[in-house]
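Note that this is a predicted model, so its numbers are computed, not measured. Scope of the values below: all heavy atoms of this structure, side chains included, with no hydrogens, waters or symmetry mates.
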Amino acid sequence: MAIEVLLVDDHEVVRRGLRELLSDEPDIEVVAEASSADEAIAVAMHVEPDVAVVDVRLGETESDGVELCRELRAQPNPPQCLVLTAFDDEEAMMGAIMAGASGYLLKQVRGQDVVNAVREVAAGRSLLDPLTTARLLEKMRHPAEPDRLAELSERERSVLDLIGQGMSNREIAERLFLAEKTVKNYVTSLLGKLGMQRRTQAAAWVARHGNNRGT
């Protein structure tokens, strides 16, 4: 039996191109089209396709495609969802995966890649754009460090910079024309804001980040 496909995209030209591409395959049949999430839900309940090829952005709402995948997957006879988008967006891909999508491809891929993807997800296998997946996995392994300096005052940032240069409290006090006790208070405060216990941790943090600290 042919793989029955529902195309969901708010651009008629895109739908027409996908229809022509997929209809050339003997084992694939485009059984319906929809230009919005609401229309797609109504159509899917009627035709019960095997695969829904969904644009992640429908109209002006960026998350419509993701929400549509979630609703389609909640139906009694849910189709496999293949998200096909022009936007290289890791967050959108993660949202689509969490919504139950089986595949995520960029529209820049070759036509044959789309055909193969439809077959893959129809068979119950997962398929994700390799470049976007690689970047997403890298971010998950090495999440961006929060801006720890946002809570520091200008004076605390100056003290932190001098700690990074290996200065003692007395040397910092002389450089900034402050009392040594005042410098000690600044050090205690900035360590607390940075979530650190010792000044050696602060010095190491400055060494890792160089001068790219927003000062």
Novice: Say you draw a straight line from CD of Glu4 to CD1 of Ile28; how long is it, rounded to the nearest 0.5 Å?
Specialist: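 These two atoms lie 12.0 Å from each other.
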Novice: Quick one about Asn77 and Glu48 (side-chain donor to acceptor, distance below 3.5 Å, no hydrogens or angles considered), yes or no?
Specialist: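 Indeed, the side chains of Glu48 and Asn77 share at least one donor-acceptor pair under 3.5 Å.
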Novice: Determine whether Leu191 and Arg198 make a side-chain contact, defined as any pair of heavy atoms from C-beta on separated by less than 4.5 Å.
Specialist: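 No, too far: nothing below the 4.5 Å cut-off.
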Novice: Decide yes or no for Val54 and Leu82: does some side-chain heavy atom of the first lie under 4.5 Å from some side-chain heavy atom of the second?
Specialist: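 No. Closest side-chain heavy atoms not under 4.5 Å.
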Novice: Can any side-chain N or O of Arg73 pair as donor or acceptor with the backbone N or O of Pro79 at less than 3.5 Å?
Specialist: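 Yes; at least one donor-acceptor contact below 3.5 Å.
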Novice: Taking Thr182 for its side chain and Leu178 for its backbone only, find out whether a donor-acceptor pair lies under 3.5 Å.
Specialist: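 No; zero donor-acceptor contacts below 3.5 Å.
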Novice: For Leu160 versus Ala202, what's the shortest heavy-atom pair and its separation?
Specialist: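 Looking at all heavy atoms of both residues, the closest pair is CD1-CB, 3.8 Å.
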Novice: Nearest heavy-atom pair of Leu22 and Val118: which atoms, and what distance?
Specialist: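 That would be CD2-CG2, 4.1 Å.
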Novice: Compare every heavy atom of Ala44 with every heavy atom of Pro49, then report the nearest pair and how far apart it is.
Specialist: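 Smallest heavy-atom distance, with atoms named: CD-O, 3.8 Å.
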Novice: Can you tell me how far the CD1 atom of Ile41 sits from the CD atom of Glu67, to the nearest 0.5 Å?
Specialist: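 Ile41 CD1 to Glu67 CD: 10.5 Å, rounded to 0.5 Å.
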Novice: Might you point out which heavy atoms bring Val159 and Ile172 nearest each other, and give the distance in Å?
Specialist: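 For Val159 versus Ile172, the nearest heavy atoms are O-CD1, 4.1 Å.
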Novice: Would you check if Val114 and Leu21 make a side-chain contact, meaning some heavy-atom pair closer than 4.5 Å?
Specialist: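 SC-SC contact between Val114 and Leu21 confirmed.
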Novice: Mind checking whether Cys81 and Leu72 have side chains closer than 4.5 Å, heavy atoms only?
Specialist: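 In short, these two side chains touch, coming nearer than 4.5 Å.
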Novice: Only counting residues at least two apart or in another chain, list the ones meeting side chain to side chain donor-acceptor pair (under 3.5 Å) with Glu174.
Specialist: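 For Glu174 there are no side chain to side chain donor-acceptor pair (under 3.5 Å) partners, ignoring immediate neighbours.
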Novice: CZ of Arg125: more than 12 outside heavy atoms within 6.0 angstrom?
Specialist: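 More than 12 within 6.0 Å, yes.
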Novice: Write down the atom of Ser36, the atom of Val8, and the distance for their closest heavy-atom approach.
Specialist: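 Result for this residue pair: O-CG1, 4.1 Å.
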Novice: Show your reasoning for whether side-chain contact (heavy atoms from CB on, under 4.5 Å) applies to Ile3 and Val51.
Specialist: CA-CA 7 Å; Ile3 300 169; Val51 176; 4.0 Å; yes
Novice: With a 4.5 Å limit on heavy-atom distance, are the side chains of Leu84 and Asp55 in contact?
Specialist: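 No; the side chains remain at least 4.5 Å from each other.
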Novice: First locate atom CZ of Arg175, then atom CG of Leu162, and finally report the distance between them rounded to the nearest 0.5 Å.
Specialist: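 Between atom CZ of Arg175 and atom CG of Leu162 there are 5.5 Å.
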Novice: Using a 3.5 Å distance criterion without hydrogens, assess whether the side chain of Lys193 forms a donor-acceptor pair with backbone atoms of Glu151.
Specialist: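 Such a contact is found between Lys193 side chain and Glu151 backbone.
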Novice: For the residue pair Asp24 and Val115, establish whether any side-chain heavy-atom pair is separated by less than 4.5 Å.
Specialist: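 Heavy-atom side-chain distance check fails, nothing below 4.5 Å.
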Novice: Just jot down the salt bridge (charged side-chain N to carboxylate O under 4.0 Å, His left out) partners of Asp38, sequence neighbours excluded, or say none.
Specialist: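 None.
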Novice: Please identify each residue that fulfils side chain to side chain donor-acceptor pair (under 3.5 Å) with Ser189, with sequence neighbours left out.
Specialist: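 Result, side chain to side chain donor-acceptor pair (under 3.5 Å) vs Ser189: Glu156.
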Novice: Taking the side chain from Glu39 and the backbone from Ser35, do they hold a donor-acceptor pair closer than 3.5 Å?
Specialist: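 Judged by distance alone, yes, a pair lies under 3.5 Å.
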Novice: Verify side-chain contact (heavy atoms from CB on, under 4.5 Å) between Asp10 and Arg57, making sure each step is shown before the conclusion.
Specialist: CA-CA 8 Å; Asp10 57 339; Arg57 299 189 181 189; over 6 Å; no
Novice: Are Val183 and Arg170 packed together at the side-chain level, in the sense that at least one heavy-atom pair is separated by less than 4.5 angstrom?
Specialist: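 Sidechains of Arg170 and Val183: no contact.
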Novice: To the closest 0.5 Å, what do you measure between CD (Glu25) and CD (Gln112)?
Specialist: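 Reported to 0.5 Å precision, the distance equals 5.5 Å.
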Novice: Between Ser158 and Glu154, do the side chains contain an N or O donor and an N or O acceptor separated by less than 3.5 Å?
Specialist: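 No, Glu154 and Ser158 have no side-chain donor paired with an acceptor closer than 3.5 Å.
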Novice: So, taking the atom named CD in Glu29 and the one named CE in Met1, what distance separates them when rounded to the nearest 0.5 Å?
Specialist: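 Nearest 0.5 Å value for the CD-CE distance: 9.5 Å.
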Novice: How many angstroms lie between CG in Leu68 and CG in Leu6, if you round to the nearest 0.5 Å?
Specialist: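 Output value for this atom pair is 8.0 Å.
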Novice: Does any donor atom in the side chain of Gln165 or Asp161 lie under 3.5 Å from an acceptor atom in the other side chain?
Specialist: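 A pair is found: one side chain offers a donor N or O, the other an acceptor, under 3.5 Å apart.
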Novice: Can you tell whether the side chains of Glu12 and Arg15 come within less than 4.0 Å, N to carboxylate O?
Specialist: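 So Glu12 does not pair with Arg15 through a salt bridge.
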Novice: Given side chains that start at C-beta, do those of Val187 and Asn169 come closer than 4.5 Å, heavy atoms only?
Specialist: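 They are in contact (side-chain heavy atoms under 4.5 Å apart), so the answer is yes.
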Novice: Is it true that a side-chain atom of Gln201 and a backbone atom of Gln197 form a donor plus acceptor pair closer than 3.5 Å?
Specialist: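 The answer is yes, because a donor-acceptor pair under 3.5 Å joins these two groups.
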Novice: Ignoring hydrogens, what is the shortest heavy-atom contact between Met167 and Glu171? Give both atom names and the distance.
Specialist: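 Taking Met167 first and Glu171 second, the nearest heavy atoms are CA-OE1, 3.2 Å.
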